[in-house]
Amino acid sequence: MKKLEKNTLKNSFSKSAKSLWRMFPIIFGTILLVSMANSLIPKSSYQKVFIGNVLSDSFLGSLIGSVSIGNPIVSYIIGGELILQGVGLIAVTAFIVAWVTVGVVQLPAEISILGKRFTLIRNITAFFISIIVALVTVLIINLLGINYI
Amino acid sequence: MEKIKKTRKNNLSWWFFTFVVISFFSLIFIKKSLFYESLNFFINILKSVIIILLVVFILMIITNYFFSPKKISKYLGKNSGIKGWLIAIVAGIISHGPIYIWYPLLYELREKGMRNSLMATFMYNRAIKIPLIPFMIIYFSWAYMLILLLVMIIFSIITGMIIEIFDNYIKNEKAKN
């Protein structure tokens, strides 16, 4: 019985190692891609995109958040700066939410490992949900008369 | 046929990797400063990711050893009910690191019966990072942070439900044909 358990643990280790090795090129490649995207997309250009319309700015906020990568703290810093420059809270909230829930740069890895259908439906849903989350959050804040900064 | 598909997928992954590596090193010829900035960022990600990758690997071994497809289906499968949603939400919130590091574990769990809807809910709740909450409070107010997090948890379930609706629709269409 003990020998059987050892073999099963060895098998679990071997199976997991093979699985992870199979995914190594796509994961390592994604880390490289994320590093390149971080340097190629200047964060200072974000504020130039917003035009002052609630609906289009929310859409743009979600779009920019979707293609952005990096630590979420960066999105809070950029979000804070955008608010100081007069960009609406809905747009900034959509931007922050999409930053972490939608992953355009990670699409190749997610498609490769979790499947095309799941990846596309999940990311498209998360994109639009980020706008709805922003609208609902700001609505609640306004209804309660809360200060958001 | 399955083996041919897997080999083809594996080859594509290596082609993708090769393409990205070549593109990465091409930055030296485009703009040296961009290359060094990317390299710096890459090294920093690797440093932060290596331990999480180890944790993911250990979790994969544990999953393969302790959790049979029957057990995974019970807690994360079709009839897992509220506990499935709760597990997905809590696991998403407490997991750390970039999402792509968790793909291998999610793949294993799905192979053993985890629903796509719970996978989507887990991935959405990864947006809620407890260690970063103080930073959010610094740039916005605590009230904003609290409301946003609550709304995100609710919509993580809605996201999962939308995935489930699509899954069921595609399944029904396939059954009809």
Side-chain angles (χ1 to χ4, degrees), chain A residues 8-9 11-13 15-17 19-20 22-36 38-40 70-73 76-77 79-80 83 89 93 96-97 99-101 103 106 108-110 112-114 117-118 121-122 125-126 129 132-133 136-137 140-141 144 146-149, chain B residues 9-10 12-14 16-17 19-21 23-24 27 34-35 37-39 41-42 45-46 49 53 56-57 60-65 98-101 103-104 106-108 110 116 119-120 123-124 126-127 129 132 135-136 138-141 143-144 147-148 151-152 155 158-159 162-163 166 170:
Chain A
T8 311
L9 187 61
N11 286 341
S12 301
F13 181 90
K15 191 182 172 199
S16 304
S19 191
L20 206 56
R22 238 187 0 254
M23 296 175 204
F24 164 79
I26 199 87
I27 290 174
F28 202 81
T30 300
I31 298 174
L32 277 171
L33 198 60
V34 162
S35 308
M36 281 197 299
N38 180 71
S39 311
L40 291 169
N71 198 310
I73 298 172
Y76 306 155
I77 299 169
I83 289 200
L89 184 62
T93 306
I96 290 171
V97 174
W99 181 294
V100 280
T101 57
Q106 296 98 288
E110 196 172 335
S112 172
I113 297 169
L114 301 178
R117 191 179 78 211
F118 171 81
I121 296 173
R122 189 194 76 77
T125 306
I129 294 259
I132 299 169
V133 164
V136 171
T137 302
I140 295 172
I141 284 172
L144 297 174
I146 289 168
N147 191 19
Y148 54 83
I149 46 165
Chain B
K9 217 179 185 179
N10 202 31
L12 277 170
S13 299
W14 282 105
F16 166 78
F17 175 73
F19 173 75
V20 173
V21 168
S23 306
F24 188 84
L27 284 176
L34 270 177
F35 171 75
E37 197 182 324
S38 303
L39 186 64
F41 195 83
F42 172 72
I45 295 183
L46 268 187
V49 140
L53 204 52
V56 167
F57 181 56
M60 283 170 78
I61 297 171
I62 291 169
T63 304
N64 279 317
Y65 183 63
I99 181 63
Y100 44 84
I101 298 299
Y103 291 162
L106 290 173
Y107 173 82
E108 291 286 334
R110 191 168 67 180
N116 279 342
M119 206 160 65
M123 291 169 84
Y124 201 92
R126 280 189 35 84
K129 297 189 188 285
L132 300 187
F135 292 98
M136 205 187 224
I138 290 170
Y139 292 100
F140 304 90
S141 68
Y144 169 84
I147 294 166
L148 178 60
V151 172
M152 283 180 76
F155 276 89
I158 293 171
T159 303
I162 292 171
I163 303 288
F166 271 103
I170 290 163

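Note that these values count all heavy atoms, side chains included, but never hydrogens, waters or copies made by symmetry. Chain identifiers are assigned alphabetically (A, B, ...) following the order of the sequence lines, protein sequences preceding nucleic acid strands; residue numbering begins at 1 within each chain.
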**Asked** Donor-acceptor pair, T159(B) side chain versus F155(B) backbone, under 3.5 Å?
**Response** yes

**Asked** Which atoms of M36(A) come close to chain B, meaning under 4.5 Å heavy atom to heavy atom: side chain ones, backbone ones, both, or neither?
**Response** both

**Request:** Mind ranking N116(B), V21(B), I158(B), V49(B) by heavy-atom pairs under 4.5 Å with chain A and telling me who comes out on top?
**Result:** N116(B)

**Side chain / backbone / both / neither for I77(A) at chain B, heavy atoms under 4.5 Å** = both

**Prompt:** With respect to chain A, which residue among M152(B), M123(B), E108(B) yields the maximal number of heavy-atom pairs within a distance under 4.5 Å?
**Reply:** M123(B)

**Prompt:** Is a donor on one side and an acceptor on the other found under 3.5 Å between the side chain of N64(B) and the backbone of M60(B)?
**Reply:** yes

**Fill in**
Separation between CD1 (I27(A)) and OG (S13(B)), nearest 0.5 Å, reads 10.0 Å

**Request:** Please flag which part of Y124(B) lies under 4.5 Å from any non-hydrogen atom of chain A: side chain, backbone, both or neither.
**Result:** both

**Prompt:** L34(B) versus chain A, heavy atoms under 4.5 Å apart: side chain, backbone, both or neither?
**Reply:** both

**ring pair (Phe, Tyr, Trp, His ring centres under 6.0 Å) partners of F41(B), counting only residues at least two apart** = none

**Request:** Test F35(B) against F42(B) for ring pair (Phe, Tyr, Trp, His ring centres under 6.0 Å), laying out the working first.
**Result:** CA-CA 10 Å; F35(B) 171 75; F42(B) 172 72; over 10 Å; no

**Side chain, backbone, both or neither of I170(B) within contact of chain A (heavy atoms, under 4.5 Å)** = side chain

**Asked** Which bit of L106(B) is near chain A, if near means a heavy-atom gap under 4.5 Å: side chain, backbone, both or neither?
**Response** both

**Side chain R122(A), main chain I163(B), donor-acceptor under 3.5 Å** = no

**Item:** Side chain, backbone, both or neither of I138(B) within contact of chain A (heavy atoms, under 4.5 Å)
**Value:** neither

**Request:** Name the region of T30(A), side chain, backbone, both or neither, that has any atom closer than 4.5 Å to a heavy atom of chain B.
**Result:** both

**Prompt:** Checking F16(B) against chain A: side chain, backbone, both or neither under 4.5 Å from a heavy atom?
**Reply:** side chain

**Item:** With A143(B) via side chain to side chain contact (heavy atoms under 4.5 Å, CB included) - residues at least two apart
**Value:** I146(A), S141(B)

**Side chain, backbone, both or neither of T63(B) within contact of chain A (heavy atoms, under 4.5 Å)** = neither

**Message:** Can you confirm whether more than 12 heavy atoms, excluding those of F24(B), are under 6.0 Å from its CZ atom?
**Reply:** yes

